[in-house]
Amino acid sequence: MTTPFQANFPELAHLTREDLEDLLADPAYFQSILHTLPRVQAMLQALAELGSANMAIAKNNLALQDELYQLRSETKAAYDEARYLESHFKGLSREQKEVYQRYDPSFLHTRLRHATTAQDDKSEALAASFIKSPPEANDIDAFIKEFKEARKVYHKRVIWGEKWAAGKVTWRDN
């Protein structure tokens with residue numbers, strides 16, 4: 001009849017009960033028998049191989065350590081520069097948007113309307129000041145020239161505004 005112990009450890013099946021009791025009582029005897037078992041020897045061999053492989057990996061890692069630290073430092077520097085350039089790009093994009101906004105058709109149309117109103121106010125103020133002050137001969141000629149020029153600019157702006165409102169002003173994207 002075979003016991004579970006004999007089934008699991010057939011190498012020890014030849015030992016008597018007294019030998020097994022001595023094996024448990026004497027640590028040196030236990031170690032000498034244990035290390036002769038093929039499964040234990042295979043396990044110890046695998047453990048030694050794993051230890052050697054681990055040492056080889058550790059030596060390789062130590063050999064690469066300086067290079068890895070250098071790469072880490074370079075990567076951090078490149079990352080920091082990329083972050084700086086990204087924030088700088090965002091600032092430039094905002095600035096570009098503000099610059100381009102000045103040339104946006106709706107913004108330009110609004111500026112034209114305001115400039116037209118301002119030009120009208122300027123020419124009306126010029127006429128009002130002429131009426132309030134006593135005219136002299138050469139003042140009249142200067143006034144007429146200045147007033148005609150101011151009204152000419154005003155009417156040009158009105159014409160451009162009317163063309164714009166009629167859709168006759170086109171924009172080309174170059």
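For this chain, numbers begin at 1 and follow the sequence in order. What you are looking at is a predicted structure, and each value in this text was computed from that prediction instead of being measured.
Expressed to the nearest 0.5 Å, how far CD of Gln31 lies from OG1 of Thr36 amounts to 11.0 Å. Between the NZ atom of Lys59 and the CG atom of Leu64 there is a distance of 14.5 Å, given to the nearest 0.5 Å. For the atom pair CG of Asp22 and OG1 of Thr16, the computed distance is 7.5 Å after rounding to the nearest 0.5 Å. Annotation: the span from Gln45 atom CD to Leu47 atom CG amounts to 9.5 Å, rounded to 0.5 Å. Rounding to the nearest 0.5 Å places CD of Glu21 at 12.0 Å from CG of Leu15. Atom CG in Leu126 sits 10.0 Å away from atom CD1 in Ile131 (nearest 0.5 Å).
By the criterion of side-chain heavy atoms lying less than 4.5 angstrom apart, applied directly or through intervening Ile, Leu, Val, Met, Phe, Trp or Tyr residues, Leu37 is grouped together with Leu23 in one hydrophobic cluster. Linking ILVMFWY residues whenever their side-chain heavy atoms come closer than 4.5 Å, directly or via other members, leaves Met43 and Phe30 in distinct clusters. Both Leu12 and Leu34 sit in one connected hydrophobic cluster of ILVMFWY residues. Membership requires side-chain heavy atoms under 4.5 Å apart, directly or through other members.
Counting heavy-atom neighbours within 6.0 Å of Glu74 CD, excluding the residue itself, gives a total above 12.
Across all their heavy atoms, Phe147 and Ala127 have their closest contact at CE1-CB, 3.8 Å. The two atoms that bring Gly161 and His109 nearest to each other are O-NE2, 4.2 Å, heavy atoms only. Of all non-hydrogen atoms in Arg39 and Phe9, the two that sit nearest each other are NH2-CD2, 3.4 Å. Scanning all heavy atoms of the two residues, the minimum distance from Gln119 to Ala150 falls at NE2-O, 3.0 Å.
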Set out, in order, the CA-CA distance, both residues' side-chain angles and the distance that settles salt bridge (charged side-chain N to carboxylate O under 4.0 Å, His left out) for Glu124 and Arg151, then state yes or no.
CA-CA 9 Å; Glu124 291 299 322; Arg151 291 311 286 177; 3.8 Å; yes

Would Tyr29 and Ile33 satisfy side chain to side chain contact (heavy atoms under 4.5 Å, CB included), going step by step from the backbone distance to the final call?
CA-CA 6 Å; Tyr29 182 47; Ile33 295 294; 3.8 Å; yes

Where do Asp120 and Thr117 land on the side chain to side chain contact (heavy atoms under 4.5 Å, CB included) test, with the steps shown first?
CA-CA 5 Å; Asp120 186 40; Thr117 303; 5.7 Å; no

Given the rule in the salt bridge (charged side-chain N to carboxylate O under 4.0 Å, His left out) test, do Lys76 and Asp80 qualify, once you have shown the distances and angles that lead to the verdict?
CA-CA 6 Å; Lys76 183 184 181 323; Asp80 291 344; 2.8 Å; yes

Apply salt bridge (charged side-chain N to carboxylate O under 4.0 Å, His left out) to residues Arg94 and Glu98 and explain how you reach the verdict.
CA-CA 6 Å; Arg94 252 189 324 273; Glu98 290 170 5; 5.7 Å; no

Evaluate side chain to side chain contact (heavy atoms under 4.5 Å, CB included) for Leu20 paired with Leu24, printing each intermediate quantity in order.
CA-CA 6 Å; Leu20 291 174; Leu24 291 175; 5.9 Å; no

I'd like to know whether Arg102 forms a side chain to side chain contact (heavy atoms under 4.5 Å, CB included) with Leu108, so could you lay out the CA-CA distance, the side-chain angles of the two residues, the decisive distance to 0.1 Å, and finally the verdict.
CA-CA 7 Å; Arg102 290 185 218 151; Leu108 291 174; over 6 Å; no

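Checked by atom type and distance alone, the side chain of Ser73 never pairs as donor or acceptor with a backbone atom of Tyr69 at under 3.5 Å. Checking side-chain atoms of Gln41 against main-chain N and O of His35 turns up a donor-acceptor pair under 3.5 Å.
Aromatic ring orientation, Phe130 versus Phe143: parallel (interplanar angle below 30°, classes split at 30° and 60°).
Looking at heavy atoms from C-beta onward, Gln65 lies out of side-chain contact with Asn61 at the 4.5 angstrom threshold. Using a 4.5 Å heavy-atom cutoff, the side chains of Leu92 and Gln96 are not in contact.
Taking the ring axis of Tyr154 as reference, the NZ or CZ atom of Arg157 does not stay both within 45° of it and closer than 6.0 Å to the ring centre.
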